[in-house]
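Start at 1 and go down the list; that is how both ligands and their atoms are numbered. Count residues from 1 along the sequence.
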Amino acid sequence: MSDRTLKLTDQRSGKTIDLPLVKGTLGPPGIGVGHIYRELGAFSYDPGFLSTASCQSNITYIDGEQGILLYRGYPIEQLAAQSTFIEVAYLLLYGELPTAAQLEDFRRLILHHTMINETLKRFFTGFYHDAHPMAVMVGVVGSLSAFYHDSTDIANPKHREISAHRLIAKVPTIAAGCYKLNMGEPMMYPQNHLSYCGNFLHMMFAVPCEDYEVDPLAERALDILFMLHADHEQNASTATVRQAGSSGADPFACIAAGIASLWGPAHGGANEAVLKMLEEIGDVRAIPRYIARAKDRDDPYRLMGFGHRVYKNYDPRARIIRSICHEVLESRGGSDPLFELALRLEEIALNDEYFIERKLYPNVDFYSGIIYRALGVPVNMFTVMFAIARTVGWVAHWLEMMADPDQKIGRPRQIYTGPAQRDYVPLEKRTASD
Ligand code: ACO
């Protein structure tokens with residue numbers, strides 16, 4: 001809390017109240033409005049939370065104007081260059097970088113939980129073979145609470161921690177199961193001698209009748225992508241996890257809610273939408289036509305992978321992914337026409353007044369799909385890949401919220417715009433206008 005306050009005056013009644021400023025370590029302060037309804041009889045109104053901080057958090061910091069992203073204070077560029085996803089997971093969960101011994105213990109702990117209950121595997125056969133993997137993810141992850149109720153006492157910190165580890169460990173196994181369902185191939189058991197990402201690649205692409213060797217470049221590229229996607233403060237899906245958790249729902253149900261929220265094309269579904277958009281554009285010569293559509297106020301069309309609620313500068317994650325794209329594509333023996341198209345589309349958009357004025361830059365999803373494609377991941381799995389990485393962030397936020405003694409159920413208010421009170425009209429007396 002800061003000692004600075006703001007004054008808010010109701011001009012009709014003349015009543016003035018002091019609003020406290022809540023200060024963090026970085027970034028703008030928040031105006032404490034929790035008591036304005038009691039004092040002035042009015043709610044704050046901010047659809048889409050454009051100016052509303054919904055909580056205090058010490059996990060991730062974003063400066064959207066400068067294009068800065070920090071996990072527990074560490075710049076994303078340094079983590080992507082020097083860390084690993086499993087270390088970042090530890091950092092997000094526990095707040096500090098681990099020692100070598102702590103990291104090894106954590107790695108083993110997560111590996112220990114990668115198998116899923118055999119009965120749970122039967123869930124997959126209940127879905128039709130061409131079910132969208134995100135639909136399967138929502139269902140199967142949500143069902144985990146029916147299997148692991150030995151760790152769902154949310155008042156018990158140890159239970160919360162076990163659930164967190166189980167989620168981080170099992171979500172990749174379930175994700176790979178979604179892919180195998182689509183492919184009509186048997187699910188592969190996790191291999192505990194492999195890294196987190198190596199194991200995921202194995203569960204995705206190995207088949208029981210052949211040896212499978214993990215490609216180190218694919219493993220490292222995936223590890224970097226997962227680090228970049230691991231957390232992003234109060235985005236729609238994380239806010240959903242917190243909202244679901246605020247009622248005391250069990251952690252598996254909360255993460256399933258986060259997955260559902262992530263699926264939308266305005267959020268995690270954008271990476272799938274970007275690939276579809278690039279395929280539809282098809283040729284560099286068609287770009288101006290699509291740019292014109294994106295700028296047309298009467299056309300709901302948007303350039304997918306462009307724009308961000310918080311970044312009004314180049315998304316730092318997009319910059320990192322753009323350079324890995326080059327590396328991965330070169331290692332695969334050349335370029336991808338869709339990557340060439342994406343580079344050209346970016347160049348044209350970034351020089352266009354419409355995009356400059358609105359500060360619309362490529363976001364994390366603009367290039368991630370191209371790498372996934374190069375790694376052999378099908379388009380309908382792109383958002384699932386995002387969900388694997390973001391599970392760490394969701395879980396870290398859920399743990400933070402549950403440990404907060406001031407945590408309250410999230411219960412927003414509304415401005416009612418429906419009919420005023422009126423009397424019920426019996427059926428025989430109703431006319432069309434009633
Ligand atoms: N293409 C064309 N115009 C756009 C785009 C776009 N991708 N994004 C925003 N605009 C325009 C809007 O039409 C609006 O123009 P106006 O001021 O003339 O009305 C202006 O820019 C501001 O847009 P808002 O929708 O108000 O911005 P908001 O912060 O609410 O939306 C969002 C952010 C949802 C990401 C939006 O930019 C978008 O839809 N982008 C495409 C989808 C996408 O890439 N989503 C991934 C986000 S990153 C993530 O979740 C990992």
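Phe205 places a side-chain heavy atom less than 4.5 Å from the side chain of Tyr212. Counting only heavy atoms from C-beta outward, the side chains of Glu39 and Leu8 never approach each other to under 4.5 Å. Phe339 has its side chain within reach of His326: a pair of non-hydrogen atoms, C-beta onward, lies under 4.5 Å apart. Using a 4.5 Å cut-off on side-chain heavy atoms (C-beta onward), Ile162 and Tyr148 make no contact. For the pair Glu400 and Asn58, the minimum side-chain heavy-atom distance is below 4.5 Å.
No heavy atom of Tyr301 sits closer than 4.0 Å to any atom of ligand 1. Residue-ligand proximity: Phe366 is placed with every non-hydrogen atom at 4.0 Å or more from ligand 1. Residue contact check for ligand 1: His229 places no non-hydrogen atom closer than 4.0 Å to it.
Under a 4.0 Å criterion applied to the non-hydrogen atoms of Val364, ligand 1 contributes the atoms 51 (C). Within the listing of ligand 1, atoms 51 (C) sit less than 4.0 angstrom from a heavy atom of Phe386. Atom numbering of ligand 1 starts at 1 in the shown order; those under 4.0 Å from a heavy atom of Arg297 are 16 (P), 18 (O), 19 (O). Every atom of ligand 1 is numbered from 1 in the order shown, and the set under 4.0 Å from a heavy atom of Gly305 is 43 (C), 44 (O).
A cation-pi contact links Arg319 to Tyr314, judged by a cut-off of 6.0 Å to the six-membered ring centre and 45° from its axis.
Environment of CD in Glu357: crowded, with over 12 heavy atoms of neighbouring residues, nucleotides or ligands closer than 6.0 Å. For Tyr189, the OH atom is loosely surrounded, since the number of other residues' heavy atoms within 6.0 Å does not exceed 12.
Between Arg358 and ligand 1, at least one N/O pair is under 3.5 Å apart.
For atom 27 (O) of ligand 1, no protein non-hydrogen atom is found at a distance below 4.0 Å. Shown here, atom 22 (C) of ligand 1 is out of close reach of the protein: none of its heavy atoms lies under 4.0 Å off.
At the top of the distance list for atom 35 (C) of ligand 1, counting protein heavy atoms only, stands Gly307 O, 3.7 Å. Distance from atom 25 (O) of ligand 1 to its nearest protein heavy atom, with residue and atom name: Arg302 NH2, 2.9 Å. Nearest protein heavy-atom contact of atom 3 (N) of ligand 1 is Tyr354 OH, 2.9 Å. Nearest protein neighbour of atom 1 (N) of ligand 1, counting heavy atoms only, is Leu303 N, 3.1 Å. Counting only heavy atoms of the protein, atom 50 (O) of ligand 1 lies nearest to His267 ND1, 2.9 Å. Looking at atom 48 (S) of ligand 1, its nearest protein heavy atom turns out to be His308 CD2, 3.5 Å. The nearest heavy-atom contact from the protein to atom 29 (O) of ligand 1 is Arg309 NE, 2.8 Å. Protein heavy atom closest to atom 40 (N) of ligand 1, with residue, atom name and distance, is Phe306 O, 2.9 Å.
Between Tyr311 and His232, the ring center distance clears the sub-6.0 Å criterion.
The heavy atom nearest to atom 49 (C) of ligand 1, out of those in Asn271, Thr383, Asp365, is found in Asp365. Within the set Pro265, Ala270, Ala266, Gly264, the minimum heavy-atom distance to atom 47 (C) of ligand 1 is found for Ala266.
Taking the six-membered ring where tryptophan is involved, the planes of Phe200 and Phe226 are tilted, since the angle between them lies from 30° to 60°. Between His165 and Phe106, the two ring planes are perpendicular [angle over 60°; tilted spans 30° to 60°].
Ser54 and Arg242 share no side-chain donor-acceptor pair at under 3.5 Å.
Contact annotation for Leu360 and ligand 1: only side-chain heavy atoms (C-beta onward) come within less than 4.0 Å of the ligand.
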List the steps and the verdict of side chain to side chain contact (heavy atoms under 4.5 Å, CB included) for Phe124 and Lys180.
-> CA-CA 9 Å; Phe124 287 89; Lys180 292 297 194 190; over 6 Å; no

